[in-house]
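Okay, so here's the structure we're looking at.
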Amino acid sequence: MKKIQISPSILSADFGQLASEIKRLEDGGADMIHVDVMDGHFVPNLTIGPPVINRLRNCTKLPFDVHLMITPVHKYIKDYAAAGADIITIHPEATNNLKDSIEHIKSFKKKVGVSLNPDTKIDIIEEVISEVDLVLVMSVFPGFGGQKFMPEVVDKIKNLKKEKDKKNLNFDIEVDGGINFQNNKIVIEAGANILVSGTTIFKENNGNIKKNIDALKLI
Ligand code: DX5
Ligand code: ZN
């Protein structure tokens, strides 16, 4: 059983203090930093890109778990690799050739993730599932923090875990969107081993990051 890891999303952080917010997450026990990149095209919101990620790179040793909600995505992969991403996660719908884009991410010696929207079936990644390091199961439609968890994705996590065990694969199962103290146990028991959270980590318990991270990890 893989150790449960927490990847706080800085989408819910104070964008005017991103460096110190990342330090707070690191001090609070975050395992990695979830960076939500949005282009206002693939999703109806716009956040940060390579220049900001590059500036934030030196403020923590934690891995940058970069979630690219952009299209086209293939031609920008090199910029996120150069900016300091450690994991680069893309949406299959954002590239013309998923296999090529996965190879391209690996060519920069980065870990590769693929993300499944709530209405995207696992079969879309069937052909590449043995090539990826991480599958990111969206439990909200991407674009905004603070949305309500969609319980219908729990079965998808279970089926993904079954597929992973059947093929004896070792990819991480990450879940992202509306994760809180009421649903964390459910998604962990379903097979997720990395939990993304923005709102719960920054807002609950008067913003006590360590308390919120430990509670999500079921410590
Ligand atoms: C949504 C992002 C998520 C989101 C999570 O498009 O991919 O990472 O920021 O935030 P919460 O935990 O507030 O749902
Ligand atoms: Zn995300």
Side-chain angles (χ1 to χ4, degrees), residues 4-15 18 21-22 24-25 28 30-49 52-53 56 62-71 73 80 85-94 105 111-120 132-154 156-157 172-188 192-205 207-209 211-217:
I4 302 302
Q5 298 187 78
I6 304 297
S7 185
S9 162
I10 54 172
L11 186 65
S12 306
D14 174 349
F15 266 41
L18 278 177
E21 293 278 76
I22 287 175
R24 265 194 335 134
L25 292 170
D31 295 287
M32 58 190 88
I33 301 292
H34 189 81
V35 183
D36 284 311
V37 176
M38 301 180 183
D39 64 356
H41 179 58
F42 186 73
V43 290
N45 197 356
L46 188 64
T47 57
I48 58 175
V52 176
I53 293 172
L56 295 171
L62 288 180
F64 277 177
D65 168 31
V66 177
H67 178 191
L68 295 182
M69 290 161 274
I70 66 173
T71 186
V73 63
Y80 289 93
D86 297 283
I87 304 168
I88 296 178
T89 297
I90 61 175
H91 285 253
E93 299 90 343
I105 292 169
K111 283 190 173 180
V112 56
V114 285
S115 182
L116 299 173
N117 278 345
D119 56 354
T120 304
V132 300
D133 301 293
L134 179 143
V135 177
L136 173 56
V137 179
M138 295 305 294
S139 34
V140 295
F141 281 97
F144 298 92
Q147 299 180 76
K148 207 168 157 343
F149 176 79
M150 296 170 68
E152 54 269 44
V153 305
V154 175
K156 187 188 283 184
I157 298 170
D172 287 315
I173 299 177
E174 184 172 277
V175 60
D176 181 6
I179 297 298
N180 58 31
F181 304 139
Q182 287 70 46
N183 57 41
N184 59 325
K185 197 161 186 291
I186 298 165
V187 298
I188 290 171
N193 66 289
I194 302 177
L195 274 53
V196 173
S197 165
T199 305
T200 297
I201 286 179
F202 279 100
K203 308 269 185 279
E204 290 297 328
N205 293 305
N208 182 328
I209 301 260
K211 191 168 180 179
N212 293 335
I213 286 179
D214 288 350
L216 283 175
K217 270 184 179 174

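Both ligands and their constituent atoms are indexed starting at 1 by order of listing.
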Compare all side-chain heavy atoms of Val140 with those of Phe149 and state whether any distance is below 4.5 angstrom. no

Atom indices of ligand 1 within 4.0 angstrom of Gly177 heavy atoms, with elements: 14 (O)

Can you tell me if Ser9 and Asp36 form a side-chain donor-acceptor pair at under 3.5 Å? yes

Decide whether the shortest distance between a heavy atom of Phe149 and an atom of ligand 1 is less than 4.0 Å. no

Tell me, which protein residue and heavy-atom name are nearest atom 12 (O) of ligand 1, and how many Å apart are they? Gly198 N, 2.7 Å

Could you check whether any side-chain N or O of Asp86 sits under 3.5 Å from a backbone N or O of Phe64, counting only pairs where one atom can act as donor and the other as acceptor? yes

Identity and distance of the protein heavy atom lying nearest atom 9 (O) of ligand 1: Asp36 OD2, 3.0 Å

List the closest protein heavy-atom neighbour of atom 14 (O) of ligand 1: residue, atom name, distance to the nearest 0.1 Å. Gly178 N, 2.8 Å

Aromatic rings His91 and Phe42: how do their planes relate, parallel, tilted or perpendicular, breaks at 30° and 60°? tilted

Of all the non-hydrogen atoms in the protein, which one sits nearest to atom 1 (C) of ligand 1, and at what distance? Phe144 O, 3.6 Å

May I have the step-by-step check of side chain to side chain contact (heavy atoms under 4.5 Å, CB included) for Val153 and Leu116, ending in yes or no? CA-CA 10 Å; Val153 305; Leu116 299 173; over 6 Å; no

Rounded distance [0.5 Å steps], OG1 in Thr89 versus NE2 in His34: 7.5 Å

Measuring from non-hydrogen atoms of Val196 to any atom of ligand 1, is the shortest distance under 4.0 Å? yes

Is Pro142 touching ligand 1 with its side chain, its backbone, both, or neither, if touching means heavy atoms under 4.0 Å apart? both

Tell me whether Thr200 has any N or O atom under 3.5 angstrom from an N or O of ligand 1. no

Okay, side chain of Asn180, backbone of Asn183: is any donor-acceptor separation there less than 3.5 Å? yes

Are there more than 12 heavy atoms of other residues, nucleotides or ligands under 6.0 Å from atom NZ of Lys211? no

Checking contacts here: is it the side chain or the backbone of Asp176 that comes within 4.0 Å of ligand 1, counting heavy atoms only? Could be both or neither. side chain

Can you check side chain to side chain contact (heavy atoms under 4.5 Å, CB included) on Ile179 and Ser139, steps first, answer last? CA-CA 8 Å; Ile179 297 298; Ser139 34; 4.2 Å; yes

Does any non-hydrogen side-chain atom of His67 lie less than 4.5 Å from one of Val196? no

Give me the protein N, O or S atoms that fall under 2.8 Å of the Zn ion (ligand 2), sorted by chain and residue number. His34 NE2, Asp36 OD1, His67 ND1, Asp176 OD2

Going by the order shown, which atoms of ligand 1 are within less than 4.0 Å of some heavy atom of Leu11? 9 (O)

Checking a contact table here: which protein heavy atom is nearest atom 13 (O) of ligand 1, and how many Å away? Thr199 OG1, 2.4 Å

Nearest-neighbour protein heavy atom for atom 6 (O) of ligand 1, which is reported as residue plus atom name and distance: Gly143 N, 2.7 Å

What do the steps show when you test Ile33 against Leu56 for side chain to side chain contact (heavy atoms under 4.5 Å, CB included), and what is the final call? CA-CA 11 Å; Ile33 301 292; Leu56 295 171; over 6 Å; no

Nitrogen or oxygen atoms of Met38 and ligand 1 under 3.5 Å apart: no

For Glu204, the option from Ile209, Thr199, Asn212 that meets side chain to side chain contact (heavy atoms under 4.5 Å, CB included): Asn212

